[in-house]
Amino acid sequence: MSTSNGFEKNPPYGKHFASELLVIDKGEGSWLWDEAGAKYLDFGAGIAVNALGYGREDFAATAHDQVKKLVHISNVFANRPALELAELLVKSGPFAAVHFGNSGTEANETALKFARLYSLRKKGEGHHKILSFSNAFHGRSYGALSATPVPKYQDPFRPLVPGFVSSPYNDAAALEKTLTSGFAAVIVEVVQGEGGLAQLESGFIAALNTLCAAHDVILIADEVQTGLGRTGTLYASFAAGLKPDMITLAKPIAGGLPLSATLFGDKVNDLIKLGEHGTTFGGGPVPSALGLLVWKAIHAPGFMEEVKAKGEYLAGLYADMKKEFPFVGEFRGLGLLRGIEIVARKEKPEDLCKTIIDGARGKGLLVLRSGSNVIRIAPPLTITREELKTGMDILTDVFRGLKSV
Ligand code: PLP
């Protein structure tokens, strides 16, 4: 039962993020309402999923029509929306095929499996290692978790999948030392969405491109959080000069329904045999039909430029905060995937971060955390400048209440 203040205590469906969860009832544009009727500005978008906001008539009509027409058919057969979406995705880069799944972790699991398959068939046994980087987050299923070298996620679930190695993010010298023979893949995020919003540096990008090509190692760009317009371009990896062999996508791809995609080129596709990998739900007609709507919306003239511009606008608002509050650290990220680092002096930064997030919620703003001490701003991409200003004003208000920290 939810309480009168909109909270559900110890909800019976899993200990995911908190022991008390706000019960959200509905949304419209960039706004959400809880069951008790309180209204919130949404700076989290369901963890960077709801790129086009809430309450869309076009989504509702498309989903309704597709559910009536064909709700599910499995991959024993094809369906038209998935075929059309696959074609758009494949044409978005040097790709030959897409494997659909239902979540970010599945997209990465597929990429890791296909990289090992490629390596085994091309180079033979003994080249199966996977390299990932400090503070990465690639998901919670065993392969993706094994590539997520963060003790709080990994330790309760050991032993992990063998053959996973990690190296410091943005350390080209360490990369050069580690990435020698025996590797099948490197998996990397251009902006570490869950890991504090650190961003790939150009020297490290060059080293990744060069070393992966030199050792014939599959370079996987995990764009589950950064892809499809979130950072102001279709793919953050291409924009940064990274040359991935595979891109993984999920979160915003179907406007809030579960869908993921792993994109790969001929060299991998040619080696996969029929039936070696599959899915029951992946690429279903309903999420794919919504995926087509999302694709069209983010490709509307000026859409991504506007995401970039709104990100710059946020940077300006942050600059004012930085002047006023000593505990405000760096501004990180790209486009509308941004982070404000909290550098408390008396309190632990992670405790202060929690106080800020709770305080913002009390004043009608929902924000997320990234890493231990970064306030993450990942609103619907359709948010207006006025709404961004409203949210940053609320945060400023919360910060003013903390000035003695
Ligand atoms: N990869 C990245 C970069 C992510 O940010 C996430 C989720 O936050 C995942 C993978 C896992 O996605 P999912 O939770 O849909 O499995």
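Just so it is clear, the model here is predicted, and its values are computed rather than measured.
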Novice: Provide the full list of salt bridge (charged side-chain N to carboxylate O under 4.0 Å, His left out) pairs with a residue in residues 277-295, sequence neighbours left out, each pair given once.
Specialist: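 The answer is none; no pair qualifies.
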
Novice: Using salt bridge (Lys or Arg N to Asp or Glu O under 4.0 Å) as the criterion, list what pairs up with Lys323, not counting sequence neighbours.
Specialist: Asp320

Novice: For residues 359-389, pull every pair meeting ring-ring contact (aromatic ring centres under 6.0 Å, His included), keeping only residues two or more places apart or in separate chains.
Specialist: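 Of all non-adjacent pairs touching residues 359-389, none passes ring-ring contact (aromatic ring centres under 6.0 Å, His included).
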
Novice: Which atoms form the tightest heavy-atom contact between Asp266 and Ala96, and what is the distance?
Specialist: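 What the structure gives for the nearest pair is OD1-CB, 3.2 Å.
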
Novice: What pairs with Arg116 under salt bridge (Lys or Arg N to Asp or Glu O under 4.0 Å), at least two apart in sequence or on another chain?
Specialist: none

Novice: Quick check: are there more than 12 heavy atoms from other residues, nucleotides or ligands sitting under 6.0 Å from NZ of Lys123?
Specialist: yes

Novice: According to the side chain to side chain donor-acceptor pair (under 3.5 Å) rule, which pairs have a member within residues 353-371, sequence neighbours left out?
Specialist: Lys354-Asp358

Novice: Between Ser141 and Thr105, is there a side-chain donor-acceptor contact under 3.5 Å, judged purely by atom types and distance?
Specialist: yes

Novice: If I compare all heavy atoms of Ala360 with all of Leu395, which pair ends up nearest, and what's the gap?
Specialist: CB-CD2, 4.4 Å

Novice: What pair of heavy atoms forms the shortest contact from Asn135 to Val150, and how long is it?
Specialist: CA-CG2, 4.1 Å

Novice: What pairs meet the ring-ring contact (aromatic ring centres under 6.0 Å, His included) rule with one or both residues in residues 238-293, with sequence neighbours excluded?
Specialist: His72-Phe281, His99-His277, Phe114-Phe264, Phe114-His277, Tyr235-Phe238

Novice: Scan residues 221-247 for pairs that pass salt bridge (charged side-chain N to carboxylate O under 4.0 Å, His left out), counting only residues two or more places apart or in two chains.
Specialist: Asp245-Lys267

Novice: Quick test of your reading: applying side chain to side chain donor-acceptor pair (under 3.5 Å), list the pairs with at least one residue in residues 162-186, sequence neighbours left out, ordered by first then second residue.
Specialist: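 Qualifying pairs: none.
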
Novice: I need the full list of ring-ring contact (aromatic ring centres under 6.0 Å, His included) pairs touching residues 136-156, with sequence neighbours left out, sorted by first then second residue.
Specialist: Phe137-Tyr153

Novice: By the salt bridge (charged side-chain N to carboxylate O under 4.0 Å, His left out) test, which pairs, at least two apart or in different chains, include something from residues 87-100?
Specialist: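 Qualifying pairs: Glu87-Lys91.
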
Novice: Looking at Glu276, I want to see if its CD is surrounded by more than 12 non-hydrogen atoms of other residues, nucleotides or ligands under 6.0 Å.
Specialist: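 Enclosed: over 12 neighbouring heavy atoms sit under 6.0 Å from CD of Glu276.
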
Novice: Determine all donor-acceptor pairs shorter than 3.5 Å in which one atom belongs to a side chain in residues 333-341; sequence neighbours excluded.
Specialist:
unit_1 : atom_1 : unit_2 : atom_2 : d
Arg338 : NE     : Gly335 : O      : 2.9
Arg338 : NH1    : Gly333 : O      : 3.0
Arg338 : NH2    : Glu312 : OE2    : 3.4
Glu341 : OE1    : Glu330 : N      : 2.9
Glu341 : OE2    : Arg332 : NH2    : 3.2

Novice: Going through the distances and angles, do Phe204 and Phe133 end up as a ring pair (Phe, Tyr, Trp, His ring centres under 6.0 Å)?
Specialist: CA-CA 12 Å; Phe204 194 65; Phe133 300 101; 5.2 Å; yes

Novice: For residues 282-306, which residue pairs qualify under salt bridge (charged side-chain N to carboxylate O under 4.0 Å, His left out), counting only residues two or more places apart or in two chains?
Specialist: Glu306-Arg385

Novice: Within a reach of under 6.0 Å around CZ of Phe157, are more than 12 heavy atoms found that belong to other residues, nucleotides or ligands?
Specialist: no

Novice: Are the side chain of Asn79 and the backbone N or O of Gly283 linked by a donor-acceptor pair below 3.5 Å?
Specialist: yes

